[in-house]
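Order of the sequence lines fixes the chain letters, A, B, ..., with proteins taken first and strands second; residue numbering starts at 1 for each chain. Owing to the predicted nature of the structure, the values given are computational and were not obtained by experimental measurement.
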Amino acid sequence: MLKFILRRTLSGVVALLLFTFLTFVLIEVLLPGDYATPFRLSMTGDEIAAFRESLGLDRPLPVRYWFWLRNLLTSGLGQTTFRVGDGLDLKSVIPPTVLVFVIGLGIAYLLGSWLGRVTGWRPGWRSDGITLLGIATYTLFPPFLGFLLVRLLGPRVWDLRNALIDDPRGNLWIVAPVTKQAVMWTMTATVVVVSALYALVGSWVARRRKLRMLSLPAFAAIAAVSYAWWVYRNIDPYAVDILFDASVAILAFLLLSYGEFMLVMQTSMASVVHDDFILVARAKGIPDRQVRDRHAARNALLPLLSRFAVSLPYLLTGLVIIERAVGWPGIGSFLFRAVDAQDMPVVLDTLVVVGVITIVVRLVMEVLTAVLDPRIRIRIESGAP
Amino acid sequence: MNRQTVRLGRVRLRLRAIARGSYIFWREFSHNRLAVAGVALIVLFGLMAISHPILMKYFWSASVYNPLTGFDPTILHPAGPSARHLLGTDNLGRDVLSMLLASSGSTWMLAMTAALTTAVVAVIIGAVGGYYRGWIDFSLTHVSDAFLLLPAPIFLLILGTGNLIDLGPLKFGFIYGIVTGLGAGAIVLRSQALKVMAQPFVDATRVAGGRGRHIIFRHLLPHLFPLAALYMMLAVVGAVVADGFAAFLGQTRSLVNWGTMVYYAIEFGPNFGARIPWNALIVPAVALSLFAAAFYLVSVGLREVADPRFKAIRRR
């Protein structure tokens, strides 16, 4: 197991290095101009040349990449020449994205695997309809979806929030003893830590007893423990407010991503349904539902879990686009603002941060699922998607 | 019997084999009703793309129906559906149906470019990695992993900023195809190639004296094509939505695009105090989703034909 983790980590680091090199080179080569270009109107040719030399921009590409990488590793992401956004920095936009990503992905996984289980078990016009609905939401145009959700659902969400939170004057955050960003950090950290703890304890328990790790009660337990922690820290009204803020983004992300889980689960279910052990289980007189959930679904889960790791980058990309569409102040909005300002160092750094998040989450998921099921380890090592 | 007759006979035999093969393929494919619906939708979009130039040339006057500059001075805009404008007009007085049809042509071009590029790149990288193991495979796998991390839509948006690079549909599809083909496509096809290379018939070919080129072209590639076709379809889904989004943000050079139409409907509606032109908003958004969904449905059908497990199930 340790060898597996080490090998995957090493492979992730190599992929990350290649990825940074790739983005660096592509952006440097494909986009005209460099760091000195914005200042060229106020300088003479010689001054520009001296400026470029002092920044090391006249060196060859690999050397510049090496400088950039060294500075990234030793002194962080650096500063921007432009002020991107309303004083947002990369540190403050990561928690919103991670929060929406974790919550949305959890719900999408539950919903998708359940729907896939049901539709794959019994084909017919009803499951065809559910499949069609899944594909329809999967291919929805994100700006259109964002517009519809914000316009049609936004006022309702606001009413519900006012009904649930005791905030008659709308000055919840003005009188709050904590800042929004601090609450956001705490919330994200809580959700991530509780999930990780659950995974550690759960995988240990699952080895001894046959418990299902990724199920509705499990997710409910994670949610309950997280909320209990917020109540204990006295930030629960603020946390609920942020959750209401995030609800539209979470819903949009959920709608756009559950379809993929559903379709993978459905395909895998349909290929398990005709196996001999299902016939045996039925012949023993086990109720239909139990055969579906205990016998078929557990074996059909394998491709879904190993697919999870590969489609993570796509899911994260989808979230970045959705954030832009519904106006959620996460990495996505930050990235698009930097793109609009043509602030390429910021764009590059944001891409690197997204890459690091993806690699880390992917690694954690691979290790977790491999602990759960040794067959996954074999699948991952043989390069199956 | 002279040589020419023999050659003709061979051609006829091959044609018959192709006809037979496509008949079997269609029989298996049409088991899935949704996949057939997808094909019908794709045909419909093809007809739409073809019909626009014809309509413009023979039936519609350019001053009213031009998708970019048309304006109907006889009614108020935005207008709902009427006999003259079947899908109504948008805030700027342009005919929505004409814009819809005009955009389907460029979307088709984008879809085909993205699909072909993805398939070619993914098949080449996957086959090479799966056949020549060792350091070639090692480096290709890691390059694929790196490309998997590079989100194609965002990369294209960055390239399109400030119109530094002219991103027409062809270029957009090409770059999108290269990024996804090197990323997810190559990873999936490589694992399939590994599976094929482990089959006994490859060993048998080797024993019989088959060399690299023969094995790759005669034994490996035919087994990769169904999966490559599947990934072509999935690439179209991603490329169409990505292009729509880039056009929505104004980062591509395609002037008539479903994404641009959605942008106009959203931005020029509420901001100017006018009512939202729902016909100009829903029509392009739904068309974009349907176009992508049609290719997805076909991919579901293809998966069932390509995946040997499903064949085995159906024969039982």
Side-chain angles (χ1 to χ4, degrees), chain A residues 11-12 14-23 26-27 30-33 125 128 131-132 135-136 138-145 147-148 151 259 263 267 270-271 273-274 310-314 316-317 320-321 324-325 332 335-336 339-340 342 344 347 351 354-355 358-359 382-385, chain B residues 33-34 37 141-143 145-155 157-159 161-162 164-165 183-184 187-188 190-191 194 237-238 240-242 244-245 248-249 251 258-259 262-263 266 270 276 281-282 284-286 288-293 296-297 300 303-304 307 309-310 312-313 316:
Chain A
S11 164
V14 171
L16 205 60
L17 275 180
L18 265 171
F19 167 69
T20 52
F21 183 66
L22 201 77
T23 24
L26 285 177
I27 285 181
L30 289 177
L31 289 180
W125 64 269
D128 275 0
T131 312
L132 265 184
I135 294 175
Y138 176 72
T139 54
L140 263 179
F141 189 43
F144 178 61
L145 177 66
F147 179 78
L148 282 189
R151 194 167 175 90
L263 288 159
T267 321
S271 64
V273 162
H274 296 274
V310 177
S311 40
L312 263 178
Y314 289 98
L316 205 56
T317 312
V320 164
I321 289 177
R324 174 65 176 74
L335 181 65
F336 284 118
V339 167
D340 279 344
Q342 292 186 41
M344 285 310 151
V347 171
L351 282 180
V354 171
T358 318
I359 283 280
S382 68
Chain B
R33 283 169 295 178
L34 294 181
T141 312
H142 281 93
V143 169
D145 266 352
F147 267 97
L148 195 65
L149 289 178
L150 182 70
I154 293 171
F155 177 60
L157 273 175
I158 294 170
L159 287 189
T161 49
L164 295 169
I165 296 174
I187 290 176
V188 171
R190 175 187 164 266
S191 84
L194 285 183
V237 177
V240 166
V241 176
F245 190 64
F248 177 82
L249 294 179
Q251 312 280 39
W258 292 328
V262 172
Y263 173 80
I266 289 178
I276 302 171
L281 172 63
I282 291 176
V286 168
L288 200 148
S289 300
L290 274 183
F291 193 87
Y296 199 96
L297 287 172
V300 172
R303 187 183 300 154
E304 293 192 3
D307 197 337
R309 282 179 306 176
F310 284 96
I313 293 159
R316 274 187 201 175

**Prompt:** Which residue, A/L18, A/T358, A/L351, A/T23, forms the side chain to side chain contact (heavy atoms under 4.5 Å, CB included) with B/L149?
**Reply:** A/T358

**Prompt:** Which region of A/S11, side chain (C-beta onward) or backbone (N, CA, C, O), has a non-hydrogen atom less than 4.5 Å from a non-hydrogen atom of chain B, or is it both or neither?
**Reply:** both

**Message:** With a 4.5 angstrom heavy-atom cut-off, is it the side chain or the backbone of B/V262 that approaches chain A, or both, or neither?
**Reply:** side chain

**Request:** Side chain from CB out, backbone as N, CA, C, O: work out which of these in A/F21 comes under 4.5 Å of a heavy atom of chain B, or both, or neither.
**Result:** neither

**Prompt:** So which part of A/L145 gets closer than 4.5 Å to some heavy atom of chain B, the side chain, the backbone, both or neither?
**Reply:** neither

**Item:** Residue list, ring pair (Phe, Tyr, Trp, His ring centres under 6.0 Å) with A/F19, at least two apart or on another chain
**Value:** none

**Message:** Measuring only between side-chain heavy atoms, which start at C-beta, is A/F144 closer than 4.5 Å to B/L288?
**Reply:** no

**Message:** Given heavy-atom pairs under 4.5 angstrom as the criterion, report whether the side chain, backbone, both or neither of B/L150 touches chain A.
**Reply:** both

**Message:** Which atoms of A/T20 are under 4.5 Å from chain B, going by heavy atoms: the side chain, the backbone, both sets, or neither?
**Reply:** neither

**Atom group of A/L22 that falls short of 4.5 Å from chain B, counting heavy atoms** = side chain

**Prompt:** Checking A/L140 against chain B: side chain, backbone, both or neither under 4.5 Å from a heavy atom?
**Reply:** both

**Item:** Heavy-atom contact with chain B under 4.5 Å, split by part of A/L316
**Value:** neither

**Asked** Which atoms of B/L290 come close to chain A, meaning under 4.5 Å heavy atom to heavy atom: side chain ones, backbone ones, both, or neither?
**Response** neither

**Item:** Set of residues satisfying side chain to side chain donor-acceptor pair (under 3.5 Å) with respect to A/T317, sequence neighbours excluded
**Value:** none

**Fill in**
Between B/G259 and A/F141 the two heavy atoms that sit nearest each other are CA-CZ, 3.9 Å

**Prompt:** With a 4.5 Å limit on heavy-atom distance, are the side chains of A/V320 and B/P151 in contact?
**Reply:** no

**Message:** Please find the pair of heavy atoms, one from B/A146 and one from A/A15, that lie closest to each other, and give the distance.
**Reply:** CB-O, 3.7 Å

**Prompt:** Considering only heavy atoms, which portion of A/P143 lies under 4.5 Å from any heavy atom of chain B: side chain, backbone, both, or neither?
**Reply:** both

**Asked** Under a 4.5 Å heavy-atom cut-off, does chain A meet the side chain of B/V240, its backbone, both or neither?
**Response** neither

**Residue part contacting chain A, namely of B/Y263, when any heavy atom lies under 4.5 Å** = neither

**Prompt:** At what distance, to the nearest 0.5 angstrom, does CZ of A/R324 lie from CD1 of B/I154?
**Reply:** 12.0 Å

**Request:** Flag the one option from B/V286, B/V237, B/L281 with the top tally of heavy-atom pairs under 4.5 Å to chain A.
**Result:** B/L281

**Complete:** Pair count under 4.5 Å, heavy atoms only, with chain B: among A/L132, A/I135, A/T139, highest is A/T139

**Request:** Measure distances from B/F245 to the heavy atoms of chain A and classify the residue's part below 4.5 Å as side chain, backbone, both or neither.
**Result:** both

**Message:** If I take atom CD1 from residue A/I321 and atom CG from residue B/L157, how far apart are they, to the nearest 0.5 angstrom?
**Reply:** 7.0 Å

